[in-house]
Protein chains: 2
Amino acid sequence: MADIDSESGRSTPRKRADARRNEATLLDAAAAAFVTSGVDAPVRDIAARAGVGVGTIYRHFPTRADLIVAVYRHQVEACAEAGPALLADSGTPHAALAQWIDLFVDFLVTKHGLAEALQSDNAAFETLHAYFLDRLVPACAHLLDAAAAAGEIRPDVTAFELLRGVGNLCIGAGEPRYDARRMVEILVAGLRQHHQGTGPR
Amino acid sequence: MADIDSESGRSTPRKRADARRNEATLLDAAAAAFVTSGVDAPVRDIAARAGVGVGTIYRHFPTRADLIVAVYRHQVEACAEAGPALLADSGTPHAALAQWIDLFVDFLVTKHGLAEALQSDNAAFETLHAYFLDRLVPACAHLLDAAAAAGEIRPDVTAFELLRGVGNLCIGAGEPRYDARRMVEILVAGLRQHHQGTGPR
DNA sequence: GAACAATCCGGAACAGTGTTCCGTTTGCCA
DNA sequence: TGGCAAACGGAACACTGTTCCGGATTGTTC
């Protein structure tokens with residue numbers, strides 16, 4: 001015996017029904033609050049939306065970053081895993097990189113406040129920052145290395161730096177006079193290394 | 001210089017001596033607090049440093065932005081006015097633009113938190129944002145237009161956008177793994193337009 | 001089905017911001 | 001010197017995030 005209701009993974013000793021219910025409700029409420037007020041939506045608002053007390057939020061998600069991660073985990077995973085496919089399907093590594101960055105930008109600009117939060121020096125967001133880095137830096141590095149190996153881009157830029165730069169450029173996207181996408185496009189263009197030896201003609 | 005209340009317009013009936021003294025003290029205290037804790041230094045800290053009450057700060061500088069502007073006005077002016085000189089002295093408009101951007105970056109990265117504050121959607125910083133735009137957008141536009149007219153850069157980028165992008169890239173400068181200067185350099189490089197029609201010779 | 005213990009919940013309470021307000025002090029001028 | 005408008009100080013307010021614990025809820029066991 002020895003196994004106390006361990007189902008191969010024993011991931012969770014099984015939570016109480018109301019706890020699981022509340023967690024789901026909370027995720028929905030948070031997602032809704034995030035589209036309305038951005039990721040900085042006051043804790044009390046989210047709690048009210050979900051019809052629970054603030055204590056319940058902190059029990060399920062000790063830090064705000066945990067909540068954000070839980071809400072967006074699927075999309076981040078999808079982005080991280082899209083890298084290899086793009087590299088295989090695109091003509092050149094640089095094209096694949098550009099497309100991947102586009103995916104990343106798509107994700108960031110549709111969640112207002114996310115880019116800001118990622119770069120915020122607020123200690124509460126450190127976990128969020130770490131999560132993004134863990135998942136996306138390797139994916140980006142893969143593409144970056146391929147492009148660098150092909151001699152298409154300058155080789156002195158790290159994946160971390162690029163992601164950070166792109167993330168920064170996405171701050172304030174949504175404002176009428178600032179086109180974050182174009183700025184990212186310019187940045188990616190600036191990455192290119194123009195080898196004059198093998199130029200046209 | 002040294003005319004704190006330049007009453008060439010006699011708009012102010014002359015302030016009381018202690019008021020003028022406190023204003024100067026406050027500027028010093030704020031400047032000191034800014035280098036220590038960034039532009040987000042708590043109001044109470046600045047007040048304590050200056051040995052005054054918080055009310056005194058708000059009387060002299062209704063919003064935090066007013067305080068920041070007062071502290072950094074000279075440097076911003078200098079940056080704004082450096083444009084024409086650079087344009088005259090540099091070989092090409094693009095070189096002048098790059099140098100000017102460098103000046104701007106210098107200013108931003110040495111004041112930690114300034115870049116963040118500029119892009120913050122906090123209503124209190126709107127005046128600061130407006131001030132920066134008023135002074136620097138025209139200066140940048142001048143250089144940008146010259147470079148565009150010379151066909152050196154793509155013509156579809158506005159001064160506002162460029163400044164905003166550069167400002168954004170400077171967020172988080174000072175961190176070990178992120179070189180804001182290099183990112184800005186890449187962005188400026190991406191601006192270039194490689195005219196194949198009018199090539200050399 | 002009833003008692004019971006572990007779990008979970010709600011929201012009051014705390015701590016740290018910015019901002020306002022008003023009784024008191026201070027400098028200036030007649 | 002006397003008076004008063006200007007300026008001051010800091011308590012008080014509003015709004016954050018975060019912690020804590022008495023009490024309700026759930027699942028289990030007899």
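We name chains A, B, ... by the order of the sequence lines, and we start the count at 1 in each one.
Against DNA chain D, the stretch residues 48-58 of chain A makes heavy-atom approaches under 4.0 Å through A:V54, A:G55, A:Y58.
The residue A:R64 sits close only to the backbone: its heavy atoms come under 4.0 Å of sugar-phosphate atoms, none of a base.
Just one of B:K15, B:R20, B:R21, B:R16 meets the side-chain hydrogen bond (donor to acceptor under 3.5 Å, both in side chains) condition when paired with B:D18; it is B:R16. A side-chain contact (heavy atoms from CB on, under 4.5 Å) with B:I101 holds for exactly one of B:L191, B:L162, B:L187; it is B:L162.
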In B/S/- notation, 5' to 3', how is nucleotides 24-30 of chain C contacted by protein heavy atoms closer than 4.0 Å?
-> --BSSS-
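Protein chain B contacts DNA chain D from D:dA5 to D:dA12, reading 5' to 3' and using non-hydrogen atoms of the protein with a distance under 4.0 Å.
Taking side-chain N and O atoms only, A:N22 has no distance below 4.0 Å to OP1 or OP2 of C:dC8. For the pair A:H60 and C:dC8, the criterion of a side-chain N or O lying under 4.0 Å from OP1 or OP2 is not met.
Residues A:E161 and B:R177 are not paired through a salt bridge, judged by the lack of any N-O separation under 4.0 Å between the basic side chain and the carboxylate. A salt bridge links A:R154 to B:E185: at least one charged side-chain nitrogen sits closer than 4.0 Å to a carboxylate oxygen.
Taking atom CZ on B:R44 and atom P on C:dA15, their separation rounds to 15 Å, with Å as the unit.
At most 12 non-hydrogen atoms from other residues, nucleotides or ligands lie less than 6.0 angstrom from CD of A:E126.
Side-chain contact between B:L128 and B:D66 is absent, with no heavy-atom pair separated by less than 4.5 Å.
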